[in-house]
> 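Before we start, here is the structure in question, set down as structure tokens.
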Amino acid sequence: MSTHANKGTLRIIVVAAVMVLLLAWAQGDLRFIGIGPWDAYFVRILNLAAINTILALSLNLVNGFTGQFSLGHAGFMAVGAYTTSLLVMTPQMKKVVFFMEPMFEPLDRICIPFLPALLVGGVVSCVFGILVGIPALRLKGDYLAIATLGFAEIIRLILQNVRRLTNGALGLKGIPQVVNLWWTFGAGVAVFLFIRGFVRSSFGRALIAIRDNETAAELMGIDVFKHKLLAFAISSFVTGIGGGLMASLLTTIDPAMFKFPLTFQILLTVVLGGMGSLSGSVIAAFIVTFMTEFLRVVDEPLQLGAYTIHVPGLRMVIFSALLVIVVVFYPRGLMGNKELTWESLSSPVSRLLRRRVAS
Amino acid sequence: MLELRDLRVSYGAIEAVKGLSLSVPKGKIVALVGANGAGKSTTLRAISGLIKAKSGKILFEGKDITNWPAQKVVRLGISMVPEGRRVFPDLTVYENLLLGAFTRTDKAAIARDLEAVYQLFPRLKERRGQLAGTLSGGEQQMLAVGRALMSDPVLLMMDEPSLGLAPVLVQEIFALIKRINESGKTILLIEQNARAALELCDYAYVLETGVVALEGPGKELLRDDRVRKVYLGEQ
Ligand SMILES: Nc1ncnc2c1ncn2[C@@H]1O[C@H](COP(=O)(O)OP(=O)(O)OP(=O)(O)O)[C@@H](O)[C@H]1O
Ligand SMILES: [Mg+2]
């Protein structure tokens with residue numbers, strides 16, 4: 001028993017150490033021994049992948065584990081992104097950016113460090129989540145989908161029109177780029193562990209029960225509304241954090257970024273990884289992020305002898321086709337609702353080894 | 001222990017229960033029998049708080065619990081085996097049973113009751129790590145009963161526990177209900193299998209289109225001409 005536990009602890013320590021070394025290498029923190037950093041474009045994609053992981057995990061908590069259908073992720077991201085950005089931008093930068101109409105006082109003078117700003121972004125997003133969730137989750141049926149879709153649209157309209165708060169359609173520029181791999185992967189791991197702990201608790205078991213059969217869950221004495229609302233509030237908080245990280249990574253944001261296709265992409269990621277599988281969401285977020293980036297090549301004009309082929313949007317076509325193929329072979333996503341475990345990882349490897357030894 | 005007074009329940013314009021009065025004394029087995037659509041399940045749903053009563057009263061140990069939400073009713077010690085099994089398919093047998101004890105906090109007592117359920121259904125113990133959705137129909141029914149017992153109820157309501165079970169298992173489940181009752185739990189039972197239910201119960205109500213048509217001790221109803229003709233299919 002204790003050797004078993006030791007083995008588990010050892011594994012975690014080894015994985016964590018390897019991850020820290022890789023991140024340090026990629027980020028350029030090992031320059032003093034003459035290695036790193038990695039290619040800036042590649043590092044940027046890694047950052048995006050980590051943030052997309054956070055977003056997929058938070059959507060999976062509601063759509064995968066609780067069986068509710070939220071379509072408002074872009075809205076909660078926007079709330080987190082704008083809140084965080086407006087709090088970390090320097091007063092000088094705000095003056096420059098808000099050149100059409102000056103910003104509201106006293107917000108134009110407020111400037112706080114990134115971490116508290118990020119957390120405030122999460123909390124504000126969470127408050128919106130609760131406000132949307134209370135009426136929508138009380139009713140049975142897919143009211144949440146409608147309510148969250150409407151919410152995301154309203155948020156976008158507010159961002160576009162309340163110019164003295166958000167600078168309207170021009171968006172925000174000059175957001176300090178605080179995040180690096182440490183931030184994004186740190187937050188990613190924290191979110192993963194937090195949500196995993198949550199779904200493994202008796203609370204998480206109750207969420208799955210609600211998804212499986214709401215009436216029977218009620219008969220067990222589960223307060224269905226309270227559980228759904230808590231899951232949704234946590235999801236909104238985490239999504240807001242994801243939005244804040246995204247804003248700081250990109251340094252510019254505008255309302256048009258937060259349209260429905262953004263939600264759709266995260267939804268696809270969750271479906272691809274498997275509804276109800278956290279490790280599936282992580283894997284899918286990395287696959288989707290890297291694929292969308294690498295497929296950018298096909299959107300460039302392609303020189304074939306005397307001909308130039310240029311099909312703008314071809315990237316999305318190929319991407320969608322690949323997704324369709326995956327869904328045909330894995331109708332429940334790559335992982336279904338199972339989790340990646342050491343056993344599932346090591347068994348094909350050990351089988352291969354055994355075969356080698358045998359022959 | 002439980003008393004219904006002139007209970008009325010409707011689904012929109014359809015009135016399913018039309019002024020039902022009955023009582024379930026402590027420690028007894030009371031059966032509700034009647035044709036399909038007579039309002040038996042609706043009555044249990046109203047008691048357990050899944051649907052609201054239009055009028056009338058539901059009293060539990062003298063307390064008016066009419067239209068209490070389900071999660072409060074469970075905490076009073078009323079638990080229900082719903083119609084059509086309804087286990088949680090994506091959770092294991094063990095996790096299903098733990099959810100049955102969702103309202104309880106005393107870990108030692110929960111562990112004790114879990115052992116008792118496993119003893120009642122050795123099959124569930126063998127399969128405790130299996131996903132409930134992959135159990136056979138009969139095993140799911142055992143799980144639904146075991147899960148209801150895990151809340152340590154004083155009143156156990158069962159909606160057609162023998163539905164879809166093989167004849168051998170039907171007998172087993174009736175023997176089991178008897179045993180559960182002897183262990184001190186009061187039982188309100190719905191059964192299509194009228195003969196077995198009337199033989200087992202202390203008292204029975206025959207429902208017809210939402211009202212009580214007949215009532216009496218089970219053995220007496222078994223001798224009643226009308227019951228024999230309509231519900232037992234005798235000539
Ligand atoms: N959700 C619902 N919406 C509308 N009508 C309903 C609903 N549930 C039940 N009914 C109707 O209420 C009446 C009583 O139904 P109920 O389920 O209580 O019958 P039952 O006595 O349990 O029958 P069975 O023996 O077939 O289970 C039926 O006429 C049924 O059609
Ligand atoms: Mg019924």
Side-chain angles (χ1 to χ4, degrees), chain A residues 60-68 134 137-141 196-231 270 274-280 331-333 335-339 341 343-344, chain B residues 41 44-52 68-105 107 110 131-133 140 143-153 155-159:
Chain A
N60 203 345
L61 179 62
V62 172
N63 293 35
F65 284 93
T66 321
Q68 303 302 300
I134 285 177
L137 292 170
R138 239 181 229 296
L139 304 164
K140 284 190 183 171
R196 192 180 64 154
F198 184 69
V199 298
R200 281 187 179 177
S201 69
S202 74
F203 215 96
R205 213 161 34 229
L207 293 184
I208 296 174
I210 292 170
R211 176 188 71 193
D212 276 359
N213 194 321
E214 203 168 316
T215 306
E218 270 182 76
L219 284 177
M220 299 302 106
I222 295 169
D223 187 335
V224 171
F225 170 68
K226 199 180 85 188
H227 279 70
K228 284 181 182 172
L229 188 64
L230 184 66
V270 173
M275 300 271 249
S277 169
L278 296 180
S279 39
R332 301 193 59 198
M335 298 296 296
N337 60 5
K338 307 219 163 41
E339 294 295 343
T341 58
E343 288 64 39
S344 64
Chain B
S41 299
L44 289 206
R45 274 184 225 135
I47 298 169
S48 57
L50 292 176
I51 42 173
K52 292 221 180 322
W68 276 30
Q71 94 236 17
K72 268 176 85 183
V73 175
V74 180
R75 284 175 170 79
L76 285 174
I78 301 180
S79 107
M80 166 149 128
V81 182
E83 195 172 20
R85 297 176 190 130
R86 291 173 184 259
V87 296
F88 302 115
D90 291 333
L91 293 171
T92 63
V93 167
Y94 170 71
E95 289 171 322
N96 266 271
L97 291 174
L98 275 191
L99 274 169
F102 187 81
T103 53
R104 302 169 64 190
T105 49
K107 287 231 166 67
I110 293 173
L131 288 184
Q140 289 189 18
L143 180 56
V145 176
R147 192 182 60 184
L149 286 173
M150 285 300 292
S151 70
D152 190 23
L155 172 64
L156 179 64
M157 306 194 291
M158 290 192 246
D159 196 341

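Quick note on labels: first sequence line is chain A, next is B, and so on, each numbered from 1.
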> Could you pull out all residues at least two apart from Arg205(A) that satisfy salt bridge (charged side-chain N to carboxylate O under 4.0 Å, His left out)?
none
> Looking at Ala101(B), Pro89(B), Gly100(B), which makes the most heavy-atom pairs under 4.5 Å with chain A?
Pro89(B)
> Let me know if Asn337(A) has heavy atoms under 4.5 Å from chain B in its side chain, its backbone, both or neither.
side chain
> Who pairs with Phe198(A) by ring-ring contact (aromatic ring centres under 6.0 Å, His included), at least two apart in sequence or on another chain?
Phe203(A)
> Go through the atoms of Arg86(B) and report whether side chain, backbone, both or neither lie under 4.5 Å from a heavy atom of chain A.
both
> Under the 3.5 angstrom rule, does the side chain of Asp159(B) hit a backbone N or O of Val81(B) as a donor-acceptor pair?
no
> Is there a side-chain contact (heavy atoms from CB on, under 4.5 Å) between Ile208(A) and Phe88(B)? Walk through the geometry before answering.
CA-CA 8 Å; Ile208(A) 296 174; Phe88(B) 302 115; over 6 Å; no
> Return the option, out of Ala209(A), Ser202(A), Ala206(A), Gly276(A), with the maximum number of heavy-atom pairs under 4.5 Å with chain B.
Ala209(A)
> As an exercise: rank Gln71(B), Glu95(B), Met150(B), Arg147(B) by heavy-atom pairs under 4.5 Å with chain A and give me the winner.
Gln71(B)
> Run Leu50(B) and Met80(B) through side-chain contact (heavy atoms from CB on, under 4.5 Å) and show every step you take.
CA-CA 11 Å; Leu50(B) 292 176; Met80(B) 166 149 128; 4.1 Å; yes
> Run the side-chain contact (heavy atoms from CB on, under 4.5 Å) test on Ser279(A) and Met335(A) for me, step by step, so that the C-alpha distance in whole Å, both residues' side-chain angles and the decisive distance to 0.1 Å come before the verdict.
CA-CA 8 Å; Ser279(A) 39; Met335(A) 298 296 296; 4.2 Å; yes
> Pull out the residues in residues 216-223 of chain A that come under 4.5 Å of chain B, heavy atom to heavy atom, sorted by number.
Ala216(A), Ala217(A), Glu218(A), Leu219(A), Met220(A), Gly221(A), Ile222(A), Asp223(A)
> In chain order, what residues pass the side chain to side chain donor-acceptor pair (under 3.5 Å) check against Thr103(B), with sequence neighbours excluded?
none
> Can we say Glu339(A) and Arg196(A) salt-bridge, meaning some charged N sits less than 4.0 Å from an Asp/Glu carboxylate O?
no
> Ile78(B) versus chain A, heavy atoms under 4.5 Å apart: side chain, backbone, both or neither?
neither
> Among His227(A), Lys226(A), Lys228(A), which residue satisfies the side-chain contact (heavy atoms from CB on, under 4.5 Å) criterion with Val224(A)?
Lys228(A)
